[in-house]
Amino acid sequence: MAYYIIKLIITSFLIVAISEVAKRSSLMGALLAAIPLVSILAMTWMYIDTQSSSSAVEFSKRIVWLIAPSMTLFIAFPFLIHKGFGFVISMAVSVTLTVMAYYSVIFILGKFGIKL
């Protein structure tokens with residue numbers, strides 16, 4: 001149980017730290033957020049949990065296919081904000097479009113025999 005609490009504290013700390021840095025410098029916050037910290041942490045926790053790098057390798061291979069559709073959020077959100085939509089609506093629409101983009105990529109890859 002202590003291990004899960006440690007994982008939670010470390011992961012939460014990084015997210016809060018990035019948001020605090022972003023308040024002071026959007027460039028530094030963006031730089032830290034652009035580093036795939038969540039992926040790095042997830043792969044690290046997988047390795048610690050299993051003592052095998054194979055699950056982390058599979059995880060990272062699948063992430064590669066999902067990078068492009070994740071850009072949907074970062075394109076749609078500022079576009080909607082600039083068009084005058086509020087934060088909540090812009091975020092909700094952007095997240096919805098991003099989820100749709102993920103499913104589209106997974107579906108299309110499946111048609112080519114690539115299973116994520």
Side-chain angles (χ1 to χ4, degrees):
M1 182 65 164
Y3 171 64
Y4 291 106
I5 292 171
I6 291 169
K7 283 172 52 173
L8 180 62
I9 290 169
I10 292 171
T11 305
S12 300
F13 173 79
L14 283 171
I15 293 168
V16 170
I18 290 169
S19 69
E20 290 300 315
V21 168
K23 285 183 199 177
R24 291 162 183 76
S25 168
S26 60
L27 176 59
M28 282 304 295
L31 178 62
L32 290 172
I35 297 168
L37 290 174
V38 172
S39 300
I40 292 167
L41 282 172
M43 289 187 286
T44 301
W45 300 138
M46 280 187 239
Y47 178 75
I48 290 170
D49 291 345
T50 64
Q51 292 301 305
S52 169
S53 58
S54 62
S55 60
V57 168
E58 277 303 308
F59 180 74
S60 65
K61 286 180 181 178
R62 289 179 173 144
I63 287 174
V64 168
W65 289 106
L66 299 173
I67 290 171
S70 70
M71 294 298 108
T72 304
L73 179 89
F74 304 108
I75 295 168
F77 181 71
F79 175 80
L80 292 169
I81 290 290
H82 289 325
K83 289 296 183 181
F85 293 92
F87 178 87
V88 174
I89 295 295
S90 297
M91 186 60 73
V93 170
S94 299
V95 168
T96 301
L97 290 172
T98 303
V99 169
M100 290 169 56
Y102 284 136
Y103 280 113
S104 297
V105 166
I106 291 167
F107 176 78
I108 292 166
L109 289 175
K111 293 292 184 184
F112 287 98
I114 299 169
K115 299 288 182 195
L116 297 183

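Computed from a predicted structure; not experimentally measured.
Tracing side-chain contacts under 4.5 Å through hydrophobic residues (I, L, V, M, F, W, Y), one never reaches M71 starting from Y102; they form parts of separate clusters. Cluster annotation: L73 is connected to Y103 through the hydrophobic network of ILVMFWY side chains, with a link wherever side-chain heavy atoms come within less than 4.5 Å. The cluster map of Ile, Leu, Val, Met, Phe, Trp and Tyr, joined by side-chain heavy atoms under 4.5 Å apart, puts I75 and M91 in the same cluster. V57 and V64 are members of different hydrophobic clusters when ILVMFWY side chains are connected at heavy-atom separations under 4.5 Å. Grouping the Ile, Leu, Val, Met, Phe, Trp and Tyr side chains by contacts below 4.5 angstrom, directly or via other members, places V88 apart from V93.
The closest side-chain heavy-atom distance from W45 to I48 is below 4.5 Å. Side chains of I35 and I40 form a contact here, defined as non-hydrogen atoms less than 4.5 Å apart. At least one side-chain heavy atom of L66 sits under 4.5 Å from a side-chain heavy atom of I106.
Remark: F13 CZ is loosely packed, at most 12 non-hydrogen atoms of other residues, nucleotides or ligands lying under 6.0 Å away. No more than 12 heavy atoms of other residues, nucleotides or ligands sit less than 6.0 Å from atom CD1 of I89. Heavy atoms of other residues, nucleotides or ligands lying less than 6.0 angstrom from CE of M100 number 12 at most.
Applying the ring pair (Phe, Tyr, Trp, His ring centres under 6.0 Å) test to pairs two or more places apart or on separate chains, those with a residue in residues 49-94 are F77-F87.
Other members of the hydrophobic cluster containing I5, listed by chain and number, are M1, I9; membership follows side-chain contacts under 4.5 Å among ILVMFWY residues, whether direct or relayed.
Legend: residues meeting side-chain hydrogen bond (donor to acceptor under 3.5 Å, both in side chains) with Y4, ordered by chain and number and at least two apart, are absent. Remark: K23 engages E20 in a side-chain hydrogen bond (donor to acceptor under 3.5 Å, both in side chains) (not counting sequence neighbours). Among residues two or more places apart in sequence or in another chain, the side-chain contact (heavy atoms from CB on, under 4.5 Å) test is passed with V38 by none. Taking S52 as the reference, S54 meet the side-chain hydrogen bond (donor to acceptor under 3.5 Å, both in side chains) condition, with sequence neighbours excluded.
For the atom pair OG of S39 and CE of M46, the computed distance is 8.5 Å after rounding to the nearest 0.5 Å. Within the model, atoms CG of L116 and CD of E58 stand 10.0 Å from one another, a figure rounded to the nearest 0.5 Å. Here S94 contributes atom OG and I81 contributes atom CD1; the two are 8.0 Å apart, rounded to the nearest 0.5 Å.
In this structure, the side chain of T72 does not engage the main chain of L97 through any donor-acceptor pair within 3.5 Å. Distance alone, capped at 3.5 Å, places no donor-acceptor pair between the S26 side chain and the A22 backbone.
For the pair G110 and K115, the tightest heavy-atom approach, listed with the atom from each and the gap, is O-NZ, 4.3 Å. In plain terms, the two heavy atoms of S70 and T98 that are nearest each other are CA-CG2, 4.1 Å. I18 and G29 get closest at one heavy-atom pair: CG2-O, 3.8 Å. Contact detail for M43 and S60: the closest heavy-atom pair is SD-CB, 3.7 Å. Across D49 and K7, no two heavy atoms sit closer than the pair OD2-NZ, 3.4 Å. In terms of heavy atoms, L32 sits closest to L37 at O-CD1, 3.8 Å.
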